[in-house]
Amino acid sequence: MTGRVTERYNPRVEEPRWQKAWDEAKTFVVRNDDQREPYYVLEMFPYPSGRIHMGHVRNYTMGDVLARYMRAKGRNVLHPMGWDAFGLPAENAAMQNKVHPKSWTYANIEAMRKQLKSIGLGIDWTREFATCDVEYYSQQQKLFIDMLREGLVTRRKSKVNWDPVDMTVLANEQVVDGRGWRSGAIVEQRELNQWAFKVSEFAEELLEALDTLDQWPEKVRTMQRNWIGKSEGLRLLFELSAPYKDFTSIEVFTTRPDTIFGASFIAISADHPLAKALSDQPAVAAFIAETHRQGTATETIDKAEKLGVFTGLHVNHPVKPGATLPVYVANFVLMDYGTGAIFGCPAHDQRDLDFARRYGLPVIPVVLPEGADPEEFEVEAEAYTGPGRAYHSEFLDGLDVDAAKKKIAEYFAQRSVDNRPQGVVETNYRLRDWGVSRQRYWGCPIPVIHCENCGTVPVPDKDLPVVLPEDVTFDRPGNPLDHHPTWKHVACPKCAGPAMRETDTMDTFVDSSWYFARFTAPHADTPTIPGVANNWLPVDQYIGGVEHAILHLLYSRFFTRAMKKSGHLNIDEPFKGLFTQGMVVHETYKDQAGEWLSPADILISGGDNRTAVHAKTGAAVEIGSIEKMSKSKKNVVDPDEIVRTYGADTARWFMLSDSPPERDVQWTEAGIEGASRFLQRVWKLVGDAAELLAQPAGEPDMSDAETAAIRRLAHRTVANVGTDLEGLRFNRAVAQIYELANGLTKFTATTVAASTPGRVGALDEGVSRLIQLVAPMMPHLAETCWAALGKSGLVVDAPWPAVDPALLMDSSVVIPVQVNGKRRGEITVPKGSANDLVEKEALSLEAVARMLEGKSPKKVVIVPDRIVNVVV
RNA sequence: GCGGGCGUGAUGGAAUGGUAGACAUACGGGACUUAAAAUCCCGAGGGUGUACACCCGUGUGGGUUCGAGUCCCACCGCCCGCACCA
């Protein structure tokens, strides 16, 4: 259908039409046995809250552009979608609205799938699943049992973070500033029987492999490194001067054994067994109680003072015979790191110094900074933690910190206390095992049965899956599974005696720790088909929010290793490339009463001094700060509304323009209008071009300057947009496309004025390339344009256009000429001109001659084809 | 406190150590129109000047270099993450 296109492009008609066409052609259905090189692009799957938001649009558009581009480049592209569908909100909805979590969740999925489809994502929907599908979580139960068999899961009584509002356990990663990450309630400590994945067994591996993830943001790798928190040091025994109850020694962990000669006290945690034993002393008991109260109530830890209480006990100084050190219970020593006890060296640790100053303990410097005078050097208010040489340290004197650490470790290894070596070199990690038991209904049941005779028994394969019962009630707090009258009562698989099902379900982070692998064979009756999974994985490009930098990504990295160990995968890292995209932000608005107002309710006027009024009342509105879109601040823009008004392509284009993808993008009315204008401009350009293309086309005539220029521009743009898309630099790709569109618009006008077959040929080439470049980002518009240009097939199936390298190079170059580093003019010379010719040309410039004032230049720097710098 | 990142026109932002401000938005002027919208064309970092042109300019101050937004040092400011981790 070539010919005059006069009407405005109408996305409401075109978008559903092309979505249907792709659907019917099964365009995005991908086969595992396809022989082309695989490419796996994945965006973090959504929680089915009920509606998509602009953040989703941005996230999934980015992935879609990459997927469509890679497809055009000839790769077999896997681009699936699923639902992270278990979790508390469904239970909360059940309690508030008397609706079953299952029907609530699946209704939400239904609604959101429709929304996602409306933005034209090239998804293989045949692979869709929700983590709450029995088909999915039953495989997860198999994984759990396999991991149990491999010794990667344990059950132990442990101190847990208890969220008193959500009535469930939280992982350390889910406690933020002492509060539950969802409820915001202050977290309590409780002792419970817990299932835990042994993440810490992989601590070293997880740390070291970070170095191989060179396509991850440095920021995320650093965060994970810090979270794993490796520190190398010494476990050191201090002998009590006199035994106390069962205690004869105190074991500490230190990374600075080289400062042992500067030790002036021992401090133990309020949770240390010795502290508990000492709590028959009223002062100690009171202090422990106070510390516990502070521990959870204080949010600003750095303001908390270093406090302690003397226990009356002393230890023998390990390197100063006859000397002793006092033992304190102190509030700044943590039980769950190291051994729960430290030795204090105030001169070289700030916390120890604060503590020593408060309690009048000695401050003995034992590390001398380079160049400092040993007679003069003193520690006043600040501890010295830098490098230097040991002094006041007898046999360590003169050694640097590292050498002193080594020597003192050897020294303590030779000595013994309590019939064991006094010092043992040890590596400590901050990373803990991952407690996954949750006392909730809407999660994957842990497939284990508790029998009084046989202990914990895994559910046998033939009895899997353990399916969630549907007849549960939510009328009282706690775990509905536990309240269910019959579900938990079963016969022991081993002895057939009466037994109880585990009623805890798994943390929902388990569900998202392996879904990327499941997408490779989503309906297999094993968790994965290893051959298939190994072919697709690792995910080539994973895209999502940085808020998952630790939790989800670390757990997935652990799971990948666990699945390798249990034979479900044979790769080490799940995500080869990681991209963390920025948020979608929007201005906020408040009325005079201080109430938040939605952008839809206000009118904005003025250019530089923008003012806002209420759309209905006309009352003045205050324009506030730019914030992440959130319901509470009402600064949200509904994707449905945008798709209805402007179409999906416009929304997609705007999300990709302007802001670099890793940064926040500000949603503005002007921005979406601008995107919409460009879409119509492309449509108009195609209409004008299509009319010209009805005339006979010929070989482009490169001797025509304008023809040559437009062809160069088109080929250069194809090359640049390709590299930009591969690097996810969408904003740059957009800018390049604007330039090509601007160039083609002008060229079309001149071709209308003076049409030749050669120009028509060049126009055809340029416009069809433009449409192909636009296609990954505005796929619907591109299809309509492709058809209007009379091209056959769908543009989505057209291979990425080839670039003629000869057209990337100009025959002549414009070289700027600087004098003393300041640009004074430019010369145009044939590409690759010899330096002496370039120098002659440059020096003959009038501006250069004027600066030289008749003198000859000191030096002329010539970078071939780039720049000339004349030094006077 | 520790770690990471960032600072460029009115705004979002471009710029392998090589013409700073591409591209877009907002703005101003013009064309078209009875008018408006839409569309198209032109202008635009600051300053001096009639013009050719010149001076200043990427948070601040130094340095390396023929040449620095980019590299190095120090400082200021903002953002993010972790945080009594011994």
Side-chain angles (χ1 to χ4, degrees), chain A residues 8 176-177 217-227 229-231 233-234 252-257 259 267 269 295 298 300-306 330-334 336-345 348-352 354-355 385 428-430 546-547 549-550 606-610 654 657-660 662-666 668-675 677-678 680-681 684 729 731-739 741-742 745 749 814-826 846-847 850 857-863 865-872:
Chain A
R8 281 171 68 81
V176 181
D177 293 334
E218 188 54 45
K219 179 191 164 108
V220 174
R221 292 200 284 170
T222 307
M223 283 166 72
Q224 293 218 351
R225 221 170 263 131
N226 292 343
W227 189 263
K230 178 179 183 174
S231 59
L234 195 68
V252 307
F253 176 72
T254 178
T255 55
R256 292 299 302 274
T259 63
S269 163
T298 318
T300 47
I301 288 162
D302 56 336
K303 287 190 190 114
E305 284 186 88
K306 309 282 175 287
N331 65 351
F332 64 95
V333 182
L334 307 173
D336 54 4
Y337 187 79
T339 60
I342 60 160
F343 81 77
C345 176
H348 303 293
D349 184 288
Q350 191 59 44
R351 289 156 307 176
D352 297 351
D354 295 345
F355 191 79
T385 56
N428 249 305
Y429 299 91
R430 211 180 69 111
V546 72
E547 66 271 20
I550 297 174
D608 287 344
N609 284 318
R610 298 164 70 243
F654 174 52
S657 327
D658 293 350
S659 291
E662 68 277 10
R663 277 196 229 170
D664 292 350
V665 61
Q666 190 188 347
T668 60
E669 194 66 19
I672 189 76
E673 289 282 356
R677 257 200 309 274
F678 178 68
Q680 295 296 347
R681 255 185 65 203
K684 185 174 179 299
R729 290 181 292 269
N731 57 321
R732 294 211 317 200
V734 164
Q736 300 269 355
I737 290 172
Y738 268 113
E739 279 185 70
N742 291 346
T745 302
V814 178
I815 301 179
V817 178
Q818 299 180 330
V819 178
N820 289 339
K822 273 195 200 307
R823 182 182 176 275
R824 295 296 166 184
E826 59 188 33
E846 196 192 323
R850 194 168 50 238
K858 231 186 244 172
K859 190 176 170 187
V860 179
V861 179
I862 298 172
V863 182
D865 294 342
R866 295 226 64 147
I867 202 158
V868 178
N869 192 10
V870 181
V871 185
V872 179

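Chain identifiers are assigned alphabetically (A, B, ...) following the order of the sequence lines, protein sequences preceding nucleic acid strands; residue numbering begins at 1 within each chain.
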State which residues pass side-chain contact (heavy atoms from CB on, under 4.5 Å) with [X]; sequence neighbours excluded, sorted by chain then number.
| X | result |
| --- | --- |
| A/Thr385 | none |
| A/Ser657 | A/Trp653, A/Val734 |
| A/Ala741 | A/Phe678, A/Arg681, A/Leu770 |
| A/Arg823 | A/Pro816, A/Glu826 |

Those residues at least two apart in sequence (or on a different chain) that pass ring-ring contact (aromatic ring centres under 6.0 Å, His included) with A/Phe654 are A/Trp667

According to ring-ring contact (aromatic ring centres under 6.0 Å, His included), who are the partners of A/Phe332, at least two apart in sequence or on a separate chain? A/Phe355

Can you list the residues that meet the salt bridge (charged side-chain N to carboxylate O under 4.0 Å, His left out) rule with [X], with sequence neighbours excluded?
| X | value |
| --- | --- |
| A/Arg677 | none |
| A/Arg824 | none |
| A/Glu669 | none |

The side chain of A/Glu739 is closest to which nucleotide in this list: B/G81, B/C85, B/A22?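 Output: B/A22.
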
Under 3.5 Å for both pairing distances: what stems, at least three Watson-Crick or G-U pairs long, include RNA chain B?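 If one scans RNA chain B for consecutive Watson-Crick or G-U pairs, the stems found are B:1-7 with B:76-82, B:10-12 with B:23-25, B:27-31 with B:39-43, B:45-48 with B:53-56, B:59-63 with B:71-75.
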
Check: protein-nucleotides 30-33 of chain B nitrogen or oxygen pairs below 3.5 Å:
none

Counting primed atoms plus P, OP1 and OP2 as sugar-phosphate and everything else as base, spell out the protein contacts along nucleotides 55-68 of chain B at 4.0 Å heavy-atom distance: B, S or - for each nucleotide, 5' to 3'. SS---------BS-

